[in-house]
Engineer: 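Let me give you the structure first, and then I'll get to my questions.
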Amino acid sequence: APTLMQNPRLLRPFEMLVQGYGYPGYREIEPTPLVAISFLAMFGVMFGDVGHGAVLVVIGLLLGRLAQAEKTRLFGQLLVMAGGASIVFGWVYGSIFGVEGLLHPPVGGWFEPMAGGNINRLLVAAIVLGVAIISLGVVLNIINRVKQRDYFAMTVDKFGIVGFIFYWGVLGLGIKSAVLGGSVTTLEVVVLVLAPLTLLFFREPLHYLLSRKGGAHKPSVMSGLIEGFVDVLETVSAYIANTVSFVRVGAFALAHAAVCVAIYSTEKVVRELPVGALWSFLVVVGGNALVIGLEGLVVGIQVVRLEYYEFFGKFFKGEGKAYDPFTLT
């Protein structure tokens, strides 16, 4: 049966992003509202600037008003909301067209990405955001498995309950040791790390034992060992790679600030040349245009990549069929 996605008009641009990956099946959670929140949060962090965000808003409004194609108008709406997120985080960063300090700081001062220890704080915050998104994806996968009545995959799977215990067990032990300065006991390692990995290693034999009455194929010892090793390797590597991948959220925020610093450093140099005022104007305008066009595009691609691979890869198959009714003319 085909799937009809119905979301409020405000969420239609993000519905378009979901459809670019696939359509939800009947026993899958429709992720559009969650995509809207996470997309805007990540885009705002990476592209935070009041001036650059305002330009995106203007371009988006023009596209929404002048475009004829529905997808182009939806893209314009997406630019408006992404620009709004940039304005919000640009206010937090205190940045207007790459110039910091033009705004009056709120209580506690601005969070300038390139200042002092803020670099490490920004990267840690990006990882925390990634942990939250990855954890949400695993929880949604568990809910989907319940709806599909696939209770074994809900439990013994790298993105099931066992995998979730392993992921948060490693995170918890790491926080306890590195942040809180506590000691990690052998029992904690066995219960939170080794036990989940052991269950995943014996996943196929367990599946056979629990479903053999239904005619499940009996795996050989060698194939079971190989599949178990691959499952453990995939679990460890997937969680590590997915978590580290969110460092790019903080890295692009730093890159955005660094490029703006380079623009104004160049402007100071050309200011001393003949007709320096003209060169200065061209460098500032051209540099900001380059940041908005090129870096804005790259940031958008990176956000979509994080949505598709690090988030959707946990719970969303997208194998539904789009509802496309025929019309009589």
Engineer: What I want to check is whether the side chains of Lys317 and Asn144 have a donor and an acceptor closer together than 3.5 Å.
Structural biologist: no
Engineer: Between NZ of Lys268 and OG of Ser280, what distance do you get to the nearest 0.5 Å?
Structural biologist: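 Atom-to-atom, Lys268:NZ and Ser280:OG are 11.0 Å apart.
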Engineer: Just wondering, do Phe14 and Leu78 contact through their side chains at under 4.5 Å, heavy atoms?
Structural biologist: yes
Engineer: Taking side chain as C-beta onward, heavy atoms only, is Val299 less than 4.5 Å from Met42?
Structural biologist: no
Engineer: Contact between Pro196 and Val162 at the side-chain level, heavy atoms closer than 4.5 Å - yes or no?
Structural biologist: yes
Engineer: Enter the distance from Lys314:NZ to Ser135:OG here, rounded to the nearest 0.5 Å.
Structural biologist: 10.0 Å
Engineer: Of Ile133, Leu140, Ile134, which meets side-chain contact (heavy atoms from CB on, under 4.5 Å) against Leu136?
Structural biologist: Leu140
Engineer: Answer whether the closest heavy-atom distance between the side chains of Thr3 and Glu30 falls below 4.5 Å.
Structural biologist: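 Contact flag for Thr3/Glu30 side chains = no.
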Engineer: Find out whether Leu123 and Leu254 are in side-chain contact, i.e. whether some heavy atom of one side chain is under 4.5 Å from a heavy atom of the other.
Structural biologist: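 Touching, per the 4.5 Å side-chain cut-off.
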Engineer: Between His256 and His52, how do the two ring planes meet: parallel, tilted or perpendicular, split at 30° and 60°?
Structural biologist: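 The arrangement is perpendicular - the two ring planes meet at more than 60°.
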Engineer: Is there a side-chain contact between Pro13 and Phe75 in this structure, where contact means two heavy atoms from C-beta onward sitting under 4.5 Å apart?
Structural biologist: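 When only atoms from C-beta onward are counted, Phe75 and Pro13 do not touch, as no gap falls below 4.5 Å.
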Engineer: Is there a continuous path of hydrophobic side-chain contacts, each under 4.5 Å between heavy atoms, that joins Leu233 to Tyr167?
Structural biologist: yes
Engineer: Classify the ring geometry between Phe47 and Phe43 as parallel (under 30°), tilted (30 to 60°) or perpendicular (over 60°).
Structural biologist: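 Geometry flag for Phe43 against Phe47: tilted rings.
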Engineer: Drop me the distance from Asp231's CG to Leu197's CG, to the nearest 0.5 angstrom.
Structural biologist: 10.5 Å
Engineer: According to a 4.5 Å side-chain heavy-atom criterion applied to Ile, Leu, Val, Met, Phe, Trp and Tyr, with indirect links allowed, do Leu4 and Tyr21 form part of one hydrophobic cluster?
Structural biologist: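 In one cluster: no.
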Engineer: Are any of the side-chain heavy atoms of Leu294 and Leu290 separated by less than 4.5 Å?
Structural biologist: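 When only atoms from C-beta onward are counted, Leu290 and Leu294 do touch, with a gap below 4.5 Å.
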Engineer: Say whether Met81 and Ile37 are linked into one hydrophobic cluster, either directly or through other cluster members, by side-chain heavy-atom distances under 4.5 angstrom.
Structural biologist: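 Not linked; separate clusters.
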Engineer: Answer yes or no: is there an ion pair linking Glu28 with Lys147, defined by an N-O contact shorter than 4.0 Å?
Structural biologist: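 Not counted as a salt bridge, because no side-chain N and carboxylate O are separated by less than 4.0 Å.
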Engineer: At what distance, to the nearest 0.5 angstrom, does CZ of Arg145 lie from CZ of Arg27?
Structural biologist: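 The CZ atom of Arg145 sits 12.5 Å away from the CZ atom of Arg27.
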Engineer: Mind checking whether Tyr239 and Phe166 have parallel, tilted or perpendicular rings, split at 30° and 60°?
Structural biologist: tilted
Engineer: With a 4.5 Å limit on heavy-atom distance, are the side chains of Leu206 and Phe152 in contact?
Structural biologist: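 Touching, per the 4.5 Å side-chain cut-off.
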